[in-house]
There are 2 protein chains.
Amino acid sequence: MFVKKKKIETVDTREQLLETAAKLFGEKGFEAVSTRELAKEANVNIAMIAYYFGSKEGLFKAMIEERFPKSVAHLRNIQKHEGSAWDKISAVIDLYLERIMSNSSFHKLIFRELSLEQRPEHRDLILSGIEKNWEVIKTYIREGQESGDFKEDIDMELTIASVFGTIFQLINMPCWTIRLLGEKDEKFVKSEALKIRLKKHLKDMMKAHLFSKQYSEKIPPSV
Amino acid sequence: MFVKKKKIETVDTREQLLETAAKLFGEKGFEAVSTRELAKEANVNIAMIAYYFGSKEGLFKAMIEERFPKSVAHLRNIQKHEGSAWDKISAVIDLYLERIMSNSSFHKLIFRELSLEQRPEHRDLILSGIEKNWEVIKTYIREGQESGDFKEDIDMELTIASVFGTIFQLINMPCWTIRLLGEKDEKFVKSEALKIRLKKHLKDMMKAHLFSKQYSEKIPPSV
DNA sequence: AAAAAATAATTAAACGTTTGATTAAATTAA
DNA sequence: TTAATTTAATCAAACGTTTAATTATTTTTT
C-alpha cells in the first residue's frame, strides 16, 4: 500500500457531514432531509452520523453550534472601526452583506429555524448569538444622535428590523428576488451586482432615514 | 327527526382539514407534520385526507390554492383609493399590515415555501399571485415621481423589498421580534401596539426615503 | 309517501415503505 | 496488539396511503 489513509481522513468524514448538513438542511429543511440522503451526498456511511453526533438532531445541533459563533463573531471587529457614526453603520451594512451572501444557505437555515415553532433550544442559541449585534448597531445610532447628525425620534429597534429584513427578504428567498428584479439567472442572487445594488439602496435609505434635515447636505455620497 | 343532517357537514370536514393544515404547516413546516397528527388535531379520520385531497401534498396544494387568491384579492382594492401618491402608498402599507398580521401563520408558510428548494410548483403559484402587487406599488411611486414629490433616483424594486422585508422579519419570526423589542409576552407580535408602531416606522422611513428634499416640509405627519 | 336503489361520507384496520437508529463484524491506524 | 474508524445488515417505529366494511344522505322507483 502506497498511500496510507491518515487520521485526517476521519476528520474529513465529520466535516463532510457538517458541510452537507448545512447545505441540505438549508435547501430543504431539517425534516425533509433523510439520514440516508445526507450520508449519500456526503459520501459517508449512515452509521457515521450516530458515531460522530449521536443522532440526526445531534448533527443539526453540532452544525449550528460550530458554525454560528464563527458567523456572528466578526461583527465585534467593527467596533475598532474609526470614523463617524455613519461610517460605522455603513461598515456594518457592508460586513453583514458580505457575511450573509457568502453563507446564504446557512443563513436561510438559521432564520427558517426562527420562524418554526420547533426546537426552542436552537432558537435560544441563535437569538443569544445575534442580539449582541443589535446592541452594537444601537450604540452607533446613539452616537450619531449625540453628535447631532442623526434624528432623535428614530425607532431604533424597527430600524434594525428594516436593515436585516431587507437583506433576508432578498437573500433567503432567491426565487422572489429573481422575479422582483426580472432577472433570468438564478445565480444573480449570489452575484456581486446584487451585492453592490443592495449596499447602495440600504445606505441611501438609511441615510435619508437617520440623518437630521439640517445635516442632510453634509451626507457623503453612497459608494 | 327534527334536524336532518345536510351535506353541509361534509364540507365541514374538508374545511377542518384545510384550516388545521394552514395552522400546523405554518407552525412546524410541511414535512414535520404527520397525517395522523393533522387528522387528530382536525378531529377527522386520516383517510379523509386521501378522500378529499388525494394525498398530504394534495391537501397542502389545495390549501394554498384556495387561500392564497383570497389573500391577494383584497390588495387590488387599493387601486380605487383617492388622494396623492403618498396617500396611496400609505394605504398600501396599512392594508398589507392588516392582512399579514391577521393571517400570520399562513403567511409564514407562504414565505417559508419560497425559501425552500422544494415544490417549485408552489413557488410559481405564489409568485405569480404577488407580483401583481409589486406593479401597483411601482405605479404609485412613479406617480409621485411624475408629480415631483418623490425623488427620481429611487431603487424601486429594492424599496419594495424593504417594505415587505421589514414586515416579514417582524411577523414571521416572532421569537426574534420579542427578543429585539425586549417584550415578555409572545402575543405582542400579534398586538395592536406593534401594528401601530410598525405602521409609524414604515411610513416615517418611507417618507424620508421617497420624498425629494425640497418637498420634505410638505410631508404630512404620520399617524 | 314509502320503499328501494344509488351515491357520498366516514371508519378502523392494515398495507408496504421509509425513517432514524443500532448492531456486530471488518478494516484501518497507532 | 489495541483502539479508533468504517462497513453492511438489521431493527422497531413511524410514515403516507389504501382497503373493505359501515353509516348517512340523496335520488329513483313504485
Side-chain angles (χ1 to χ4, degrees), chain A residues 1-25 27-64 109 113 116 118-119 121-122, chain B residues 1-25 27-64 109 113 116 118-119 121-122:
Chain A
M1 40 174 89
F2 0 86
V3 185
K4 267 263 178 170
K5 286 190 177 180
K6 294 283 160 60
K7 211 182 174 184
I8 297 156
E9 282 283 7
T10 81
V11 177
D12 252 1
T13 300
R14 214 189 100 101
E15 200 50 44
Q16 264 299 312
L17 281 171
L18 287 169
E19 216 166 283
T20 313
K23 177 170 172 279
L24 292 186
F25 290 159
E27 285 172 2
K28 306 184 168 191
F30 178 73
E31 287 86 358
V33 180
S34 72
T35 51
R36 281 168 182 79
E37 181 189 0
L38 203 154
K40 194 173 184 181
E41 177 91 4
N43 282 311
V44 149
N45 191 280
I46 320 174
M48 293 290 91
I49 294 171
Y51 182 73
Y52 283 114
F53 307 101
S55 67
K56 185 187 176 187
E57 267 260 9
L59 166 58
F60 192 26
K61 211 166 183 172
M63 188 258 289
I64 290 180
L109 183 151
E113 202 62 16
L116 292 168
Q118 306 261 87
R119 300 176 285 273
E121 336 85 70
H122 290 190
Chain B
M1 24 141 134
F2 1 85
V3 184
K4 265 260 178 174
K5 285 192 177 182
K6 291 286 161 60
K7 223 183 170 183
I8 296 157
E9 282 283 8
T10 82
V11 177
D12 250 1
T13 299
R14 217 189 96 101
E15 201 48 47
Q16 265 298 312
L17 281 170
L18 287 169
E19 215 166 283
T20 313
K23 178 169 172 280
L24 292 187
F25 290 158
E27 286 171 2
K28 305 184 169 191
F30 178 73
E31 288 86 358
V33 181
S34 73
T35 51
R36 283 169 181 79
E37 181 189 359
L38 202 154
K40 193 172 184 183
E41 178 90 6
N43 281 312
V44 151
N45 190 281
I46 318 176
M48 292 292 95
I49 294 171
Y51 183 75
Y52 282 113
F53 306 102
S55 66
K56 186 188 176 187
E57 268 258 11
L59 166 58
F60 192 27
K61 210 165 183 172
M63 187 258 291
I64 290 180
L109 184 150
E113 202 63 14
L116 291 167
Q118 306 261 84
R119 301 176 283 274
E121 338 83 70
H122 291 188

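The analysis underlying the following values was restricted to heavy atoms, covering all of them including side chains, and did not include hydrogens, waters or symmetry mates. Note that the structure is predicted; figures quoted are calculated from it, not measured.
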Set of residues satisfying side chain to side chain donor-acceptor pair (under 3.5 Å) with respect to Gln118(B), sequence neighbours excluded: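 For Gln118(B) the side chain to side chain donor-acceptor pair (under 3.5 Å) partners, ignoring immediate neighbours, are Glu31(B).
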Grab the [atom1]-[atom2] distance between [X] and [N] for me, whole Å please.
X: Glu15(B); N: dA9(C); atom1: CD; atom2: P; value: 15 Å
X: Phe53(B); N: dT10(C); atom1: CZ; atom2: P; value: 11 Å
X: Leu24(A); N: dG20(C); atom1: CG; atom2: P; value: 12 Å
X: Met48(B); N: dA24(D); atom1: CE; atom2: P; value: 14 Å
X: Lys40(B); N: dC15(D); atom1: NZ; atom2: C1'; value: 16 Å
X: Leu38(B); N: dA14(D); atom1: CG; atom2: C1'; value: 16 Å
X: Arg14(B); N: dA8(C); atom1: CZ; atom2: P; value: 15 Å
X: Asn43(A); N: dT6(D); atom1: CG; atom2: P; value: 13 Å

At under 4.0 Å between heavy atoms, how does the protein contact nucleotides 16-22 of chain D? Give one character per nucleotide, 5' to 3', with B, S or -. BBBB---
Kindly compute the distance separating OG1 (Thr13(A)) from CG (Leu18(A)), expressed to the nearest 0.5 Å.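 CG of Leu18(A) is found 11.0 Å from OG1 of Thr13(A).
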Nearest 0.5 Å please: distance from the CG atom of Leu24(A) over to the CD atom of Glu19(A).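 The CG atom of Leu24(A) sits 11.0 Å away from the CD atom of Glu19(A).
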Not counting sequence neighbours, which residues clear side chain to side chain contact (heavy atoms under 4.5 Å, CB included) with Tyr51(B)? List them please.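 Checked Tyr51(B) against side chain to side chain contact (heavy atoms under 4.5 Å, CB included); matches are Met48(B).
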Whether Tyr51(B) contacts dT11(C) is assessed here as follows: a side-chain N or O lying under 4.0 Å from the phosphate OP1 or OP2. Is that the case?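 The answer is no; no side-chain N or O of Tyr51(B) sits under 4.0 Å from OP1 or OP2.
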Quick one: is dT5(D) close enough that its OP1 or OP2 comes under 4.0 Å of any side-chain N or O from Thr13(A)?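 So the side-chain polar atoms of Thr13(A) never come under 4.0 Å of the phosphate oxygens OP1 or OP2 of dT5(D).
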Could you check whether any side-chain heavy atom of Arg14(B) comes within less than 4.5 Å of a side-chain heavy atom of Leu17(B), counting everything from C-beta outward?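 No, every pair of side-chain atoms sits at 4.5 Å or beyond.
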Tabulate below the donor-acceptor pairs under 3.5 Å that side-chain atoms of residues 33-45 of chain B make, not counting sequence neighbours, or state none.
from     : atom 1 : to       : atom 2 : distance (Å)
Ser34(B) : OG     : Glu37(B) : N      : 3.1
Glu37(B) : OE2    : Lys28(B) : NZ     : 2.7
Glu41(B) : OE2    : Lys23(B) : NZ     : 3.2
Asn45(B) : OD1    : Ala47(B) : N      : 2.9

Duplex segments of DNA chain D, taken as runs of at least three Watson-Crick or G-U pairs that stay under 3.5 Å: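 Stems (3+ consecutive pairs) listed as C:1-30 with D:1-30.
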Salt bridge (Lys or Arg N to Asp or Glu O under 4.0 Å) contacts in which one or both residues fall within residues 44-63 of chain A, not counting sequence neighbours: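 Sorted result for residues 44-63 of chain A: empty, none.
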Which residues pass the ring-ring contact (aromatic ring centres under 6.0 Å, His included) test with Phe60(A), not counting sequence neighbours?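 Scan of Phe60(A) (ring-ring contact (aromatic ring centres under 6.0 Å, His included), adjacent residues dropped) gives Phe25(A), Phe30(A), His122(A).
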